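One structure is given below, encoded as structure tokens.
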Amino acid sequence: MNNISSITDYQILTKCITFSESMLSRFGEESNSKIEYAVILPLYRQIIEQSEGIRMLGKNQLESSTKILARGAFETYLAIQYILKDKRRVKDRATMYYIGYLKNQINHIQSEYDLTDDVNVKENKLKDIEIFKEKVMNIKYRKIREEWERTKKELNKNNHKGEIDKEPKWHSLYKGPKSITQLIGKVNNYQTKHLYSYLSIEAHGYEALNSYEQNRKSVDGNKEMEGIHGEYPELMVTLAAVMLSKVTNTIINELYPQYAQEELRFAKESGVMYKNSH
């Protein structure tokens, strides 16, 4: 097994997390009510937390769990990069993401409402649903709301009678990417889809049996399972460092250019620029 203290990627990820936390704190101090800031900062916080999770799981050599968390971090990375990719569409895409969040909350609370028989709980859930619906209906989201309904209608036009309509993916509005694979093609390139497929296999549990076979060892002629701690997941730690540093770079370039020089100094000193070039 690899020695964690000698692994440069682990050290770089640690530095990236520390720098990103510092940036997040400073971004938060510069209050801005625009929708793009209200959406991007929570997403940035999320990918920082996911990166810290990858770092800690990697340190404990929990390879399978690291891959599962890396998949979530990759999805957060895609969301941030897609929203900020086109300056002309940042506001619309941030609003699309926000409307998707609100509708997801409504569906989630509705499920909780359906699962309980407690009258008081049901009453509170209905109030919560109305609060989120009011937010969706805000006049300033009218354009995106109408596009959402148009996309939803198109998505469900071939449904059979009685079939429940599906909500569209937030990024599919305005004829955008309809799937994660297509989103990857918009943000990075389609070669990266193989990485996502690789991470998804682990997330869906398909690697459990393969792991079982690979991690058995012979003891007195019999096969016994090894412990849950395996090889240090260097690829996942490297991936986390690259994604976090790229997201930080994008956010600073598009929303907080006043920190560009500070980020450049950090990148040179930490070795992140070298890692990003590969």
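Just so it is clear, the values below take in all heavy atoms, side chains as well, and ignore hydrogens, waters and symmetry mates. Bear in mind the structure is a predicted one, so any value in this text is a computation, not a measurement.
In Phe74, the CZ atom is crowded: over 12 heavy atoms of neighbouring residues, nucleotides or ligands sit closer than 6.0 Å. Heavy atoms from other residues, nucleotides or ligands lying under 6.0 Å from CZ of Arg145 number more than 12.
Using a 4.5 Å heavy-atom threshold, the side chains of Tyr44 and Met23 count as touching. Looking only at side-chain heavy atoms (C-beta outward), Glu123 and Lys127 come within less than 4.5 Å of each other. Annotation: side chain of Glu147 is not in contact with side chain of Lys175 (no heavy-atom distance under 4.5 Å). Between Glu234 and Tyr10 there is no side-chain heavy-atom pair separated by less than 4.5 Å.
Arg55 pairs by the salt bridge (Lys or Arg N to Asp or Glu O under 4.0 Å) definition with Glu52, not counting sequence neighbours. Lys87 meets the salt bridge (Lys or Arg N to Asp or Glu O under 4.0 Å) test with Glu254; sequence neighbours excluded.
Apart from Val119 itself, the hydrophobic cluster it occupies contains nothing, where clustering links Ile, Leu, Val, Met, Phe, Trp and Tyr at side-chain heavy-atom distances under 4.5 Å. Taking a 4.5 Å side-chain heavy-atom cut-off between Ile, Leu, Val, Met, Phe, Trp and Tyr, the cluster of Tyr113 extends to Leu126.
Among all heavy-atom pairs drawn from Tyr37 and Pro42, the shortest one is O-CD, 4.1 Å. Between Asp117 and Lys122, the closest heavy-atom pair is CA-CE, 4.3 Å. Taking each heavy atom of Pro177 and His171 in turn, the nearest pair found is O-ND1, 2.7 Å.
Taking 4.0 Å as the cut-off between side-chain N and carboxylate O, Lys125 and Glu112 count as a salt-bridged pair. Taking the charged nitrogens against the carboxylate oxygens, Arg150 and Glu146 have no contact shorter than 4.0 Å, which rules out a salt bridge.
The cationic group of Arg26 does not satisfy the cation-pi geometry with Tyr259, failing either the under 6.0 Å distance to the six-membered ring centre or the 45° limit from the ring axis.
Listed by first then second residue, pairs satisfying side-chain hydrogen bond (donor to acceptor under 3.5 Å, both in side chains) with a partner in residues 129-140 number zero, not counting sequence neighbours.
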Tabulate below the donor-acceptor pairs under 3.5 Å that side-chain atoms of residues 160-169 make, not counting sequence neighbours, or state none.
| residue | atom | partner | partner atom | Å |
| --- | --- | --- | --- | --- |
| Glu163 | OE1 | His160 | N | 3.0 |
| Asp165 | OD1 | Asn159 | ND2 | 3.0 |
| Glu167 | OE1 | Trp148 | NE1 | 2.8 |
| Glu167 | OE2 | Lys152 | NZ | 3.0 |

In sequence, state the C-alpha distance, the side-chain angles, and the governing distance for Asp92 and Lys143, and then conclude on salt bridge (charged side-chain N to carboxylate O under 4.0 Å, His left out).
CA-CA 9 Å; Asp92 281 351; Lys143 183 181 74 168; 3.0 Å; yes
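Taking the six-membered ring wherever Trp is involved, the centroid distance between the rings of Tyr141 and Tyr98 falls below 6.0 Å.
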